[in-house]
Amino acid sequence: MFQLQLLLSILTLSFAAQSYSSTSQFSILQSNHHPKSNLLSISVTEFGAAGDGVKYDTIPIQKAIDACSTIVSKHRCPCHVIFPPGKYLTATVFVKSGVVLDIHQKATILGGSKLEDYPKEQSRWYVVLAEDAVDVGIIGGGEINGQGLKFVERFDDKKNVMVSWNHTGACLGDECRPRLVGFISCRNIKVSDVRLIEPAYWCLHVVRSDKTSICDVTIYGNFNSPNNDGIDIEDSNNTVITRCNINTGDDAICPKSSNGPVYNLTATDSWIRTKSSAIKLGSASFYTFKNFLFDNITIVESHRGLALQIRDGGNVSDMIFSNINISTRYYHPSWWGRAEPIYVTTCPRDASSKAGSISNLLFVNITATSENGIFLSGSGGGVLSNLKFLNMNLTYKRWTKFPDGLVDYRPGCQELVKHQPAGFMMEHIDGLVVEDVVMKWSSDESMRWNNPLDFRPSTRQLLYGCLSCNGSLSEALFEMAKQGLQVKFKEYDILLNECITQRAIREGQRVHANMIKTHYQPPVYLRTRLIVFYIKCGLLGDARWVFDEMPQRNVVSWTALISGYSQKGHISQAIHLFLQMLTSGTAPNEFTFATVLTLCTSAIGFQFGRQIHCLLVKSPFESHVYVGSSLLDMYAKAGKVHEARYVFENLPERDVVSCTAIISGYAQQGLFEEALELFCKFQAERMSFNYVTYTSVLTALSGLAAVEQGRQLHAHIIRLELPFYAVLHNSLIDMYSKCGKFTYSRMIFNQMSERTVSSWNAMLVGYSKHGMGKEVVELFKMMREEDKIKPDEITLLAVLSGCSHGGMEDKGVEIFNDLSSGKDRVEVSIEHCGCVVDLLSRSGQVERAFQFIKEMPFEPTAAILGSLLGACWAHLYVDIGEIVARQLLEIEPENAGTYVILSNMYASAGRWEDARRVRELIKARAMVKESGKSWIGPDFIHDTEKHNGMRTYIPHQSLLNMDEQRKKKTLLHCSQGRAQTQLSLMIYSHGNYW
DNA sequence: CTAGGGTTAG
């Protein structure tokens with residue numbers, strides 16, 4: 001099989017190399033640099049190219065190419081366009097069939113940085129581009145330079161920020177940069193003996209092409225530029241890459257199957273250095289990769305060596321990697337890769353992605369020195385099959401100090417997964433041959449790799465098989481049915497685990513049924529697994545049934561069920577269950593606390609949350625990170641940011657979630673500067689973030705209308721190549737919209753693969769806030785026509801307020817009528833009614849507004865009546881105005897403004913006497929606006945407070961500050977009062993924590 | 001075995 005594949009690859013190699021000369025039968029080429037015959041070569045200088053690096057030579061170069069093209073069709077032979085020594089500044093030049101760019105060793109084609117000179121379609125932004133052409137090439141020993149740094153934002157490792165962002169306003173982020181050299185739908189391509197330098201984006205891009213030979217090409221891209229891939233072979237077949245030297249910031253050789261398969265790719269005798277993956281298969285690839293050979297390749301100082309990251313479906317098979325020398329190391333964790341010499345995965349990008357398959361890989365004669373191990377992870381739906389590792393020499397040692405070395409990077413599959421490093425990390429593999437593999441560890445103690453081979457559970461099943469042959473659930477179930485009574489703990493455990501990971505409802509039910517049928521009495525552990533299984537499958541009732549039937553329960557069973565209720569939003573049931581748990585005498589653990597505290601984030605739950613905190617103080621879990629983030633989040637959500645911060649500062653350990661929780665705590669309370677300050681602080685401390693952090697930071701930036709910083713953060717987010725998260729996009733939309741940058745927000749909105757109601761709302765609110773009534777109405781119309789997402793209260797509020805401020809009064813009323821009845825009915829609140837009154841008032845329909853107030857199911861607020869009173873004055877509805885003013889004065893008798901409007905209205909209507917009377921009234925009552933009073937007290941109520949007639953104990957500031965000894969004493973003291981609520985009883989009735 | 005942070009309005 002493999003021999004055959006090798007043969008195929010070699011055949012491809014010779015075929016592609018010969019194809020050019022076979023078509024150029026008339027070629028009698030002269031020496032490249034001293035052309036004697038003008039017939040077969042044309043110099044760009046003949047068409048007026050200056051080559052001074054200043055003046056744009058786009059037109060002369062194109063004329064030379066076109067002239068050459070004419071020669072090609074006339075004489076049916078190839079024609080060379082010669083670039084003599086010099087610097088030729090240019091925007092896109094289009095290479096035609098039969099034309100070869102022949103660049104002198106001392107000549108450079110320089111990509112211009114003015115994007116307006118490039119073609120209209122961004123898809124054609126290349127410095128050199130061939131489309132639908134045959135027999136094309138670039139040769140001659142010269143250079144094509146994309147001047148990437150003039151376009152690109154760079155990542156500054158030291159400062160951990162992006163710098164020098166360039167864009168034109170017509171485009172955003174990645175799209176603002178031309179690629180360097182492109183061949184689209186071409187055949188017989190030869191790129192040989194050229195230097196491709198500093199691309200602004202991808203460097204050499206071959207798309208939907210056939211028979212390409214790339215040899216003796218040097219590629220250099222700035223190490224800190226994003227997306228400057230070396231060679232991208234997209235939907236193209238029969239490609240040979242040989243004797244190339246690639247030193248660039250992003251993936252060096254990157255086959256992509258975006259719209260079609262990639263067959264027969266050979267890369268040999270090359271040298272690669274990259275801050276990303278040296279060889280990467282599977283960046284947004286959906287189709288087949290087959291018959292690839294990589295031989296005699298040296299990879300140095302890269303962030304990942306050989307990477308097969310099949311995250312979007314597609315089948316990969318028959319690959320050989322032979323004679324490869326790899327060194328991989330850590331760089332900043334925001335770059336792809338974690339120093340794995342070999343990385344193979346089929347983890348889908350996100351829940352909606354198809355799982356691809358990978359089979360028949362041969363790694364032979366591989367030497368690697370790396371800071372991390374080999375990572376082989378299939379996924380539930382995409383097992384890796386038939387992997388062979390022969391004759392490998394692996395050395396593991398660390399020589400850099402970048403963090404997060406113990407975390408593998410599987411975006412979209414399970415997010416970041418912490419694990420001990422291993423020589424080979426393996427998961428979901430079927431068929432593995434390892435022969436003559438030597439692994440050595442450096443003596444450095446810090447590595448502590450005592451697990452050369454780590455088989456994750458799924459792999460163990462497949463390899464050692466208990467019940468299951470080949471890991472197939474249906475076969476395992478068949479076996480289970482056959483064995484009946486014989487099935488015991490271990491088998492049930494494996495089966496249930498598989499059912500849980502695959503969310504296989506029917507299968508899990510059969511396992512459960514088998515237990516019942518055979519009168520098997522599952523131990524607490526297995527019953528708990530059943531609970532988890534039912535919860536994961538959304539069958540809460542069944543989970544509860546298993547729980548209720550349990551003869552004994554442990555903390556895990558309780559916590560699992562509480563969490564199940566919590567996830568489904570059944571807050572009170574969850575709280576009730578927790579109280580039952582306490583009554584039963586089961587001590588909560590850190591998992592329970594982390595779960596239960598999240599139940600207290602609503603206003604109703606806060607009192608309860610404080611009591612949990614009391615309980616926590618006595619437990620050993622007060623300073624646990626997970627518990628701490630829940631706790632601080634609870635305080636923050638209750639508006640108590642100081643307490644939240646206090647909890648945060650006292651956590652002995654911080655992580656992304658706790659840091660994000662405190663940032664978003666500030667942001668949600670409108671303390672945007674504080675949120676940003678913390679974010680910057682964490683950044684300086686090299687804390688790692690994730691999309692949730694960025695979402696919260698964007699909220700803060702949006703609140704401050706800080707577009708510039710928002711844009712920088714956006715650039716940074718793009719660079720991270722995160723999988724799609726709607727919430728993150730929604731925050732971006734909100735940020736740009738609030739700042740009035742609708743080109744950006746709308747572009748993000750339009751490009752979203754899946755929108756949520758918040759996406760629409762963020763857009764609508766933006767338009768509304770900027771008084772763009774027409775846009776509001778149009779977008780809302782689109783939302784209704786698309787009919788995918790149901791509008792909610794916020795949608796209605798945004799639309800109504802947008803219409804009222806954007807001169808679309810009638811439309812607003814119409815939409816209100818639509819949404820306050822019918823199938824997509826929205827719960828109407830007093831705010832909505834206020835908007836409607838405003839709409840009617842503004843359009844002069846004072847009587848209708850008045851009628852509406854009478855009929856609406858709320859008592860009108862002063863603001864609503866005030867807006868109507870204003871309209872009465874403006875449109876001189878004195879009778880209604882008098883009634884409204886009276887109502888208003890009942891609510892706010894001391895509001896002088898009401899009298900003033902009333903008096904003015906009388907005056908406008910010529911009722912001078914009434915006007916004077918009202919003015920007298922103002923004077924007589926000597927109305928002065930009273931200054932506000934309030935009672936300011938400590939946030940933490942001292943000692944006890946009355947609550948529902950019961951006494952409950954609340955932690956107060958002094959308690960938080962106390963040392964352990966005093967804390968206990970105080971609590972003990974508290975516990976002497978025994979008339980507490982049910983919970984308080986639990987807390988204090990024991991001297992120690994259970 | 002069980003656990004924490006997230007978008008839109010006011």
Side-chain angles (χ1 to χ4, degrees), chain A residues 457 493 496-497 500 523-533 535-536 553-564 566-567 581 588-599 601 621 624-634 636-637 644 648 651 654-665 667-668 670 689-699 702 725-735 737-738 745 749 752 755-766 768-769 789 791-802 829-832 834-835 863:
Chain A
D493 186 27
L496 279 178
N497 280 336
I500 290 169
V524 183
Y525 171 87
L526 278 185
R527 290 179 198 259
T528 307
R529 298 304 290 152
L530 277 170
I531 292 174
V532 171
F533 161 75
I535 288 172
K536 290 264 152 74
R553 306 175 180 111
N554 63 18
V555 60
V556 183
S557 349
W558 284 102
T559 308
L561 193 62
I562 292 170
S563 159
S566 166
Q567 284 162 30
M581 172 185 179
N589 65 9
E590 66 272 37
F591 289 79
T592 324
F593 280 117
T595 308
V596 172
L597 283 167
T598 60
L599 301 169
T601 45
F621 311 117
H624 189 278
V625 226
Y626 278 53
V627 177
S629 18
S630 283
L631 185 65
L632 78 87
D633 184 55
M634 179 201 80
K637 290 230 169 65
F648 177 76
L651 286 178
R654 290 173 182 182
D655 66 1
V656 212
V657 177
S658 53
C659 291
T660 306
I662 189 71
I663 291 174
S664 74
Q668 283 163 355
F689 304 124
N690 64 16
Y691 76 99
V692 182
T693 325
Y694 298 118
T695 302
S696 302
V697 174
L698 282 167
T699 307
S702 160
Y725 294 108
V727 278
L728 182 56
H729 286 248
N730 295 346
S731 277
L732 283 166
I733 292 170
D734 168 61
M735 185 270 296
S737 282
K738 286 250 177 69
S745 56
F749 177 85
M752 279 174 86
R755 300 185 192 108
T756 65
V757 69
S758 302
S759 325
W760 292 92
N761 291 348
M763 212 55 234
L764 288 167
V765 165
S768 160
K769 284 230 152 90
I789 302 287
D792 66 3
E793 299 79 60
I794 302 171
T795 321
L796 182 57
L797 206 59
V799 172
L800 294 181
S801 119
S829 73
I830 187 147
E831 284 83 11
H832 296 117
C835 284

Can you find a donor-acceptor N/O pair under 3.5 angstrom joining the side chain of [X] to the base of [N]?
X        : N     : answer
A/Ser758 : B/dT7 : yes
A/Tyr691 : B/dG6 : yes
A/Thr660 : B/dG5 : yes
A/Asn730 : B/dG6 : no
A/Thr695 : B/dG6 : no

>> Would you call the rings of A/Phe621 and A/Phe593 parallel, tilted or perpendicular, taking 30° and 60° as the class edges?
In response: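 Aromatic pair A/Phe621/A/Phe593 classed tilted.
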Picking from [options], which would you name as closest to the side chain of [X]?
X        : options              : answer
A/Tyr725 : B/dC1, B/dT7, B/dG6  : B/dG6
A/Thr595 : B/dG6, B/dA3, B/dT2  : B/dA3
A/Ala594 : B/dG6, B/dT8, B/dA3  : B/dA3
A/Val692 : B/dG5, B/dC1, B/dT7  : B/dG5
A/Thr598 : B/dG5, B/dT7, B/dG6  : B/dG5
A/Lys769 : B/dG6, B/dG4, B/dG10 : B/dG10
A/Ser664 : B/dA9, B/dG6, B/dC1  : B/dG6
A/Arg529 : B/dG4, B/dG6, B/dC1  : B/dC1
A/Ser563 : B/dT2, B/dG5, B/dA9  : B/dT2
A/Lys637 : B/dC1, B/dG5, B/dA9  : B/dG5

Have a look at [X] and say if it touches a base, only the backbone sugar-phosphate, or nothing, with a 4.0 Å heavy-atom cut-off.
X        : value
A/Val627 : nothing
A/Val656 : base
A/Asn554 : base
A/Thr592 : nothing
A/His729 : nothing
A/Thr559 : base

>> Applying the side chain to side chain contact (heavy atoms under 4.5 Å, CB included) criterion to A/Leu599, which one of A/Thr601, A/Thr595, A/Val596 satisfies it?
In response: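 So, applying the side chain to side chain contact (heavy atoms under 4.5 Å, CB included) to A/Leu599 and each of A/Thr601, A/Thr595, A/Val596, only A/Val596 qualifies.
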Please report, rounded to the nearest Å, how far the [atom2] atom of [N] is from the [atom1] atom of [X].
X        : N     : atom1 : atom2 : value
A/Met763 : B/dT7 : CE    : P     : 19 Å
A/Leu526 : B/dT2 : CG    : C1'   : 15 Å
A/Arg755 : B/dT8 : CZ    : P     : 18 Å
A/Phe689 : B/dG5 : CZ    : P     : 18 Å
A/Glu590 : B/dG4 : CD    : C1'   : 12 Å
A/Gln668 : B/dA9 : CD    : P     : 12 Å
A/Leu797 : B/dA9 : CG    : P     : 10 Å
A/Lys536 : B/dC1 : NZ    : P     : 12 Å

>> Test side chain to side chain donor-acceptor pair (under 3.5 Å) on A/Asn554 and A/Ser557; report intermediate values, then the result.
In response: CA-CA 5 Å; A/Asn554 63 18; A/Ser557 349; 2.8 Å; yes
> Side-chain donor-acceptor pair under 3.5 Å between A/Ser737 and A/Asp734, yes or no?
Replying inline: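 There is no such pair (donor and acceptor under 3.5 Å, judged by atom type) between the side chains of A/Ser737 and A/Asp734.
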>> Set out, in order, the CA-CA distance, both residues' side-chain angles and the distance that settles side chain to side chain donor-acceptor pair (under 3.5 Å) for A/Asp633 and A/Ser630, then state yes or no.
In response: CA-CA 5 Å; A/Asp633 184 55; A/Ser630 283; over 6 Å; no
> Does A/Lys738 place a side-chain N or O at less than 4.0 Å from the phosphate oxygens OP1/OP2 of B/dA9?
Replying inline: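 For B/dA9, OP1/OP2 do have a side-chain N/O of A/Lys738 under 4.0 Å.
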> Is A/Ser658 near enough to B/dG5 that one of its side-chain N or O atoms lies under 4.0 angstrom from OP1 or OP2?
Replying inline: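 Looking at the OP1 and OP2 atoms of B/dG5, neither is under 4.0 Å from any side-chain N or O of A/Ser658.
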> Shortest non-hydrogen contact from A/Ser629 to A/Ala661?
Replying inline: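 Looking at all heavy atoms of both residues, the shortest contact is O-CB, 4.2 Å.
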> Taking side chain as C-beta onward, heavy atoms only, is A/Arg755 less than 4.5 Å from A/Trp760?
Replying inline: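 Yes, close enough: below the 4.5 Å cut-off.
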